Number of protein chains: 2
Amino acid sequence: MLLANADIDTSEALTERQKAVLDAALRLLVEEGDHLTMTAVAGRASCSKETLYKWFGDRDGLLTATVQWQASKVRVAQVDGKGLDLASLAASLERFASDWLKVISSDTSIALNRVAVGHAGSGKDNLGAVVLENGRFALAKRLKPVLEAGRHAGLLDFADAETAFRTFFGLVARDVQIRLLLGDRLELTEATIGGDAARATQQFLALYGAKPGRGL
Amino acid sequence: MLLANADIDTSEALTERQKAVLDAALRLLVEEGDHLTMTAVAGRASCSKETLYKWFGDRDGLLTATVQWQASKVRVAQVDGKGLDLASLAASLERFASDWLKVISSDTSIALNRVAVGHAGSGKDNLGAVVLENGRFALAKRLKPVLEAGRHAGLLDFADAETAFRTFFGLVARDVQIRLLLGDRLELTEATIGGDAARATQQFLALYGAKPGRGL
DNA sequence: GCCGAACCGTAACGTACGGTACGGCTCGCC
DNA sequence: GGCGAGCCGTACCGTACGTTACGGTTCGGC
């Protein structure tokens, strides 16, 4: 398993001022990508470089703190499955799908993922792990209970929740994230996202919906 | 539509020596990611920096040439659908899925995509477009005729080939590519890839296989 | 055998940027 | 009112690297 404990609450004693600085860094990250310089961050945040280095150690530390700071904010909404029937299950799934599509198509997410991908493999920091843990893995942690509840209520039929989740993930995200990361202009309007979420949900239910006498 | 014409044959008059240099650059790219320096490439390729600049203009030119050089090599195998029945269609799809998984999990593809993602949004070059065109879009171009053939043979039922393709793409790739790009250690053995390809194919056929009286 | 073109190896230049140092300001505290 | 901590602004340092320049070598053509 990659990554030690990147999902522990990461707002570890950040002062308001520090959060403001990280917000500035984040904005700059969205605008300039990995090109941001310490000087630019200091300028944008109206703080001195000395402070930056005192608070965050070095450039990587600042980057990591920024990514964690944002990552801790983007958790997809919790949806719990009380009184589950097929309609509410479908609604929950659709909600997850829609939220997820909105997240991965947001400027912030794209910028963060770009930086994290760029840094992955250089071993220097673990931005990739942070992003992964707060993105894909956090989503799984939220969604799996819903799937389990659906199975328990006899609405879903699957052997392995992980596999089912990954299928759902694939049906929702398809080629969207990689295309956006690679710079493809993919206009995702509210409407398209809604349609895609509904389609993905229907397809998932077609594959995993419990129908008497069904394999796979 | 993003990207002008990155899929025109890109081996445009490259001498053997130049190809060798690009291969060296490619190896370095896999090893060091975007950290590669002109000096390092020159060293690895046993050529002078002057030559590098003469041939490729500048660093971005070298990077672009390297990416194009590799991209032009990784096309997934052509599969044409002659005498189509359900078994051969499934076999074709499975083959595509398997090939694609092998591609996106290869060191080279990961390195290339990382660099391209890192450069996307900086506007400076269009590595992202090149990778996209030779990856996801090339795959679509190869696969769609198969899907159309399947539909024509009454084996598949879909309204829009693009949508069907994207669903297949999602079922095959799921979270694999983004996890790999973000540095997750995801062991993809020959066996898992085979299994995933089969599963994705079965799921796709379950969704789009022509059965009398089926909507969606 | 001579010439020029292409290329190698290396040295040199300029700059951008990470990181550090320091003087001055503000402000809570005694 | 004095004092020290924390921070701002800025100047400064060192280095890595993109880019250029140049002397030396190889080699095909005459």
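Here is the naming used below: chain letters follow the sequence lines, and residue numbers restart at 1 for every chain. Everything numeric in this text was worked out from a predicted model, so none of it was measured.
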Assess whether a salt bridge exists between A:D184 and B:R136, defined as any Lys/Arg side-chain N lying under 4.0 Å from an Asp/Glu carboxylate O. no
Cationic N near anionic O, under 4.0 Å, A:D99 to A:R95: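 A salt bridge links A:D99 with A:R95.
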Nearest-angstrom distance from the residue atom [atom1] of [X] to [atom2] of [N]:
| X | N | atom1 | atom2 | answer |
| --- | --- | --- | --- | --- |
| B:L36 | D:dA16 | CG | C1' | 14 Å |
| B:E50 | C:dA6 | CD | C1' | 9 Å |
| A:L52 | D:dT10 | CG | P | 15 Å |
| A:M38 | C:dC17 | CE | P | 13 Å |
| A:D60 | C:dG19 | CG | C1' | 13 Å |
| A:K54 | C:dC22 | NZ | P | 14 Å |
| A:Y53 | D:dC8 | OH | C1' | 16 Å |
| A:D125 | C:dG18 | CG | P | 14 Å |

Reckon [X] has a side-chain N or O less than 4.0 Å from the OP1 or OP2 of [N]?
| X | N | answer |
| --- | --- | --- |
| A:W55 | D:dC7 | yes |
| B:T37 | D:dC17 | no |
| B:R59 | D:dA16 | no |
| B:T51 | C:dC7 | no |

Less than 3.5 Å apart, any donor N or O on the side chain of [X] or [Y] sitting next to an acceptor on the other?
| X | Y | answer |
| --- | --- | --- |
| A:Y208 | A:Q203 | no |
| B:N126 | B:H119 | no |
| B:N113 | B:S109 | yes |

Counting distance alone, no hydrogens or angles: does the base of C:dG19 have a donor or acceptor under 3.5 Å from a partner atom on the side chain of A:K49? yes
Need to verify one output field. Residue with the more 5' nearest nucleotide on DNA chain C, A:H35 or A:S48? A:H35
Can you figure out which of C:dC8, D:dT19, D:dC7 approaches the side chain of B:R17 most closely?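 Among the listed nucleotides, the one closest to the side chain of B:R17 is C:dC8.
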